[in-house]
S.K.: 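Got a structure for you, written out below as structure tokens; questions coming shortly.
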Amino acid sequence: CEENWMVRFLTNEMKGPLNEDHLILAMRVLQNKCFVGLLEEFDLSLQLFESYFGWSKVGDAAKRKECTQKIESRKDNANNHPTLDEDEGGEIW
């Protein structure tokens with residue numbers, strides 16, 4: 001199994017060689033413990049989160065709507081990140 005920081009992170013194996021067992025465990029963690037939304041499908045992702053986590057059954061409807069509108073108004077990544085002034089395939093890339 002090649003060196004892969006995500007496999008290390010998901011398996012908490014920060015040192016030593018990785019093998020096929022680590023990869024299988026990492027895939028199980030992703031399969032059973034992760035829930036991912038897509039920015040390109042933001043509205044649908046938010047609906048899926050609401051359904052999965054049962055948000056529509058919690059708290060005051062007006063507050064939920066206010067929270068949803070706040071999230072929706074900031075769909076794009078609000079954090080500033082440095083740009084990579086390098087062509088794809090270059091040394092930094």
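Values below: all heavy atoms of this structure, side chains included; hydrogens, waters and symmetry mates excluded. Just so it is clear, the model here is predicted, and its values are computed rather than measured.
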S.K.: Exactly one of N4, L18, V7 should register a side-chain contact (heavy atoms from CB on, under 4.5 Å) with L23. Which one does?
M.R.: V7

S.K.: OH of Y52: more than 12 outside heavy atoms within 6.0 angstrom?
M.R.: no

S.K.: Determine the minimum heavy-atom distance between S45 and G37, stating which atoms define it.
M.R.: OG-CA, 3.4 Å

S.K.: Side-chain contact, heavy-atom cut-off 4.5 Å: H22 with N19?
M.R.: yes

S.K.: Hey, is CZ on F9 packed in by over 12 heavy atoms from elsewhere, all under 6.0 Å?
M.R.: no

S.K.: Keeping S51 on the side-chain end and L48 on the backbone end, is there a donor-acceptor pair under 3.5 Å?
M.R.: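 No; judged by distance alone, with no hydrogens or angles, the pair does not exist.
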
S.K.: Are any non-hydrogen side-chain atoms of L46 and W55 less than 4.5 angstrom apart?
M.R.: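 Yes; the side chains approach each other to less than 4.5 Å.
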
S.K.: Nearest 0.5 Å, what's the CZ-OG1 distance between R28 and T11?
M.R.: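 Taking CZ in R28 and OG1 in T11, the distance rounds to 13.0 Å.
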
S.K.: Any link between V36 and F42 through a network of hydrophobic side chains (Ile, Leu, Val, Met, Phe, Trp, Tyr) touching at under 4.5 Å?
M.R.: no

S.K.: Please report the interatomic distance CE(M27) to CG(N32), rounded to the nearest 0.5 Å.
M.R.: 11.5 Å

S.K.: Could you tell me the separation between the CG atom of D60 and the CD atom of E66, rounded to the nearest 0.5 Å?
M.R.: 9.5 Å

S.K.: Any non-hydrogen side-chain atom of L30 less than 4.5 Å from a side-chain atom of L10?
M.R.: yes

